[in-house]
Each structure stands twice: as C-alpha cells, then as structure tokens.
Amino acid sequence: MESVFVFDHPLIQHKISLLRDKNTNTKEFRELVSEIAMLMGYEVTRNMPLKEVEIETPIGIAKTNIISGKKLGIVPILRAGLGMVDGMLRLLPMAKVGHIGLYRDPETLEPVEYYCKLPVDVEEREIVVLDPMLATGGSASAAIQFIKNRGVQNIKLMCLIAAKAGIERIRKDHPDVEIYCAAVDEVLNDHAYIVPGLGDAGDRLFGTK
Ligand code: PRP
Ligand code: URA
C-alpha cells in the first residue's frame, strides 16, 4: 500500500498505547493526541520544498535552506481533529487553519456537514486534513471532496487510528491522497466504531461522555 504510511516509531507507538487505554483521562488524552500529531507532522512535512538563501552568521555567510513558497494549510475535521491542531502548529506556526464540521448520522452513518471555512488562498497550498479516527472513511472522504472542490490539488490525510475499511474507502474515492496513520485496526463494530480503536475520540478529547 504505497499511499499509506504507518508510523512505527517507538515514541508514537508508546503514546498510541496510552491513548487506547480506557483509564487515560481527558487531560492526558488531549496531551497525547497533540504530542502524537507533532511527532507525525515531522514526517508528513518531509517533502516540503526548500530554497537556498544566504544568511549572515556572526562569522561569515552561510548558504542554507528555508522552506519556500506558501506554507501548509491544515484542516481539522470537527470536533476530534481539533485535538491535532496545536501539535501541528508547534511545527508550522505560520500554517493557515481551515475547519470542516461533520458528524456521522447515527442511523445512516453518513457524514452530515455543518460548517466549512477554508483559507482564501487554499488552492495555492498543500493541505493536511486532520482527524484522529478513520472508521468507514465517510467523513474524511467528504472533507477531502470539499477541499478538492475549492481547487486544492495536493492533499494528505493524517489520522491516528485507521480501520482497514476507511483506508480502502479513501483509496477508492481519492487515490491521489496519501494517508498517514499510527495504527491500522482490522474491523468496525455494528455502530461503525473501530475495534479495538480507542472509543469515541471527540468525547474522550472534550470530556463529553
Ligand atoms: C468521528 C471522528 C471522525 C469520524 C470517523 O467523528 O472524529 O470524524 O467519526 O468516522 P467515519 O470514518 O466512519 O466517518 P464524530 O462523527 O464522532 O464527530 P465528533 O468528532 O464531533 O465527535
Ligand atoms: N469515531 C470515533 O471517535 N471512534 C471510532 O471508533 C469511530 C468513529
């Protein structure tokens, strides 16, 4: 699966284990999501273009590199994607942030849109969509389609736990989109929750259940 990258770094794997633990409290959960997003962001941004510049050091002139062009845009899917924003912004403080609000209808399991606000120059940026959970893939697929409808050509999806079904859905609907995740789980339950997963990411992040 060359368009799917699963992070096997020990720090990420360790933190994912803590995140899955039902005894991890809201404060710890929030901190872990943020930390994992930052660690993953380091790799997700690996191919950002550079340009050479000359910098005057106290001793002389250094030919060195800086990131060229417009910085990334990041787009969390509300609510749970919000937990990954500050980790990414610690790496990319100048990144623009769009928001897409979607929830899964509990009956149909289809995503329902309630909010969409993207940066005005979104089509000039590479966009990383953030959502901790990729279950059926319906939410992420719809969010990616909104972003494509605005003319964006380079989109990556960053999630923490992905179900095989969700990966397949994204590969089918958006074969051009690379998926970055920290774990792949086999199955979904009857309510389309990832098993074993980590439960409801939004509720665990915000303490709403
Ligand atoms: C969760 C999660 C994803 C979606 C994944 O959001 O954060 O957005 O479900 O499921 P899917 O791949 O089957 O679409 P939820 O709908 O629970 O909303 P919330 O983040 O507001 O809690
Ligand atoms: N959304 C979640 O928060 N968790 C799941 O397991 C599936 C969808």
Side-chain angles (χ1 to χ4, degrees), residues 1 3-4 6 15-26 28-34 36-37 40-41 74-88 97-118 127-148 155-175 177-209:
M1 291 200 278
S3 61
V4 182
V6 185
K15 288 176 193 295
I16 287 286
S17 301
L18 299 176
L19 202 61
R20 287 186 189 270
D21 188 335
K22 69 177 185 184
N23 296 314
T24 296
N25 67 30
T26 298
E28 295 161 341
F29 192 91
R30 209 178 277 145
E31 289 168 356
L32 286 163
V33 169
S34 172
I36 298 168
M40 290 177 71
I74 56 177
V75 178
I77 302 178
L78 307 181
R79 289 176 299 170
L82 288 175
M84 299 168 74
V85 171
D86 74 316
M88 285 295 277
V97 185
H99 295 86
I100 295 181
L102 293 170
Y103 68 88
R104 291 196 313 183
D105 183 297
E107 301 297 325
T108 66
L109 302 177
E110 286 301 313
V112 181
E113 182 204 349
Y114 61 89
Y115 189 77
C116 182
K117 181 91 177 166
L118 299 174
I127 296 295
V128 182
V129 176
L130 306 176
D131 195 330
M133 309 305 278
L134 182 67
T136 65
S139 305
S141 180
I144 291 167
Q145 192 57 56
F146 289 139
I147 297 167
K148 284 187 173 174
I155 302 172
K156 293 182 160 93
L157 173 63
M158 188 169 137
C159 43
L160 304 189
I161 300 185
K164 285 194 165 164
I167 291 175
E168 284 315 310
R169 171 82 186 260
I170 299 300
R171 281 161 61 84
K172 178 170 151 290
D173 293 356
H174 304 289
V177 171
E178 291 175 344
I179 304 171
Y180 295 82
C181 62
V184 178
D185 282 10
E186 290 291 324
V187 288
L188 303 176
N189 68 13
D190 293 344
H191 303 284
Y193 275 85
I194 300 174
V195 182
L198 52 70
D200 189 304
D203 283 337
R204 293 197 66 187
L205 261 175
F206 297 109
T208 40
K209 228 174 227 169

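Side chains included, hydrogens not; waters and symmetry mates left out as well; all remaining heavy atoms used. Counting starts at 1 for both ligands and their atoms, in listed order.
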What's the shortest distance from [atom] to any protein heavy atom, and which residue and atom give it?
atom                    : value
atom 5 (C) of ligand 2  : Tyr193 CD2, 3.3 Å
atom 17 (O) of ligand 1 : Asp200 OD2, 4.0 Å
atom 18 (O) of ligand 1 : Leu102 O, 4.1 Å
atom 8 (O) of ligand 1  : Asp131 OD2, 2.5 Å
atom 3 (O) of ligand 2  : Ala201 N, 2.8 Å
atom 21 (O) of ligand 1 : Arg79 NE, 3.1 Å

Work out which heavy atom in [X] is nearest to a heavy atom in [Y]; give both atom names and the distance.
X      : Y      : value
Ala135 : Arg104 : CB-NH1, 3.8 Å
Gly137 : Ile170 : O-CD1, 3.8 Å
Thr136 : Ala192 : CG2-CB, 3.8 Å
Met158 : Met84  : O-CE, 3.5 Å
Met40  : Ala182 : CE-N, 4.0 Å
Ala201 : Ala80  : CB-CB, 3.9 Å

*For atom 4 (N) of ligand 2, which of Gly138, Ser139, Ala80, Gly199 has the closest heavy atom?*
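Minimum heavy-atom distance to atom 4 (N) of ligand 2 goes to Gly199.
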
*Of Lys209, His191, Arg104, Arg204, which has the heavy atom at the shortest distance from atom 9 (O) of ligand 1?*
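Looking at heavy atoms only, the winner is Arg104.
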
Could you tell me whether some N/O pair between [X] and ligand 1 is separated by less than 3.5 angstrom?
X      : value
Ala135 : yes
Met133 : no
Thr136 : yes
Leu134 : no
Ser139 : yes

*Per the side-chain contact (heavy atoms from CB on, under 4.5 Å) rule, which among Asp203, Asp131, Leu205 passes with Arg79?*
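Among Asp203, Asp131, Leu205, the one meeting side-chain contact (heavy atoms from CB on, under 4.5 Å) with Arg79 is Asp203.
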
*Proximity flag Arg104 to ligand 2, non-hydrogen atoms under 4.0 Å*: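 Distance cut 4.0 Å: Arg104 passes for ligand 2.
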
*ligand 2 contact by Ala163, heavy-atom criterion under 4.0 angstrom*: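 Ala163: no contact with ligand 2 (<4.0 Å).
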
_side chain to side chain contact (heavy atoms under 4.5 Å, CB included), that's the test. Do Leu82 and Phe206 meet it? Break it down for me._
CA-CA 10 Å; Leu82 288 175; Phe206 297 109; 4.1 Å; yes

_Within this structure, what is the CG-NZ distance for the pair Leu188 and Lys164, rounded to the nearest 0.5 Å?_
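Separation between the atoms: 12.0 Å.
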
_Main-chain N/O of Glu28 paired to Glu31 side chain as donor or acceptor, under 3.5 Å_ =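 Not a single qualifying donor-acceptor pair exists.
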
*Got a donor-acceptor contact below 3.5 angstrom from the Arg204 side chain to the Thr24 backbone?*
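Yes, the answer is positive, given that a donor and an acceptor are paired below the 3.5 Å cut-off.
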
For [X], the ligand 1 atoms whose distance to one of its heavy atoms is below 4.0 Å:
X      : value
Tyr103 : 16 (O)
Ala80  : 7 (O), 20 (O)
Gly137 : 11 (P), 12 (O), 13 (O)

_Geometry only, no angles: is Ile194 polar-contacting ligand 2 at N/O separations under 3.5 Å?_
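Yes; at least one N/O pair falls below 3.5 Å.
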
*Any protein heavy atom < 4.0 Å from atom 1 (C) of ligand 1*: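 Under the 4.0 Å cut-off, atom 1 (C) of ligand 1 has no protein heavy-atom neighbours at all.
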
*Taking 4.0 angstrom as the limit, do Arg20 and Asp185 come out as a salt bridge?*
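A salt bridge is present here (some side-chain N lies under 4.0 Å from a carboxylate O).
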
*Where does Ala192 meet ligand 2, judged by heavy-atom distances below 4.0 Å: at the side chain, the backbone, both, or neither?*
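Near ligand 2, Ala192 shows its backbone, while the atoms from C-beta on stay back.
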
*Side chains of Leu198 and Ile16 in contact at under 4.5 Å (non-hydrogen atoms)*: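 With C-beta onward as the side chain, the pair stays apart.
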
*Tell me, please: is Ala201 in heavy-atom contact with ligand 1, that is, under 4.0 Å?*
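Contact check Ala201 vs ligand 1: negative.
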
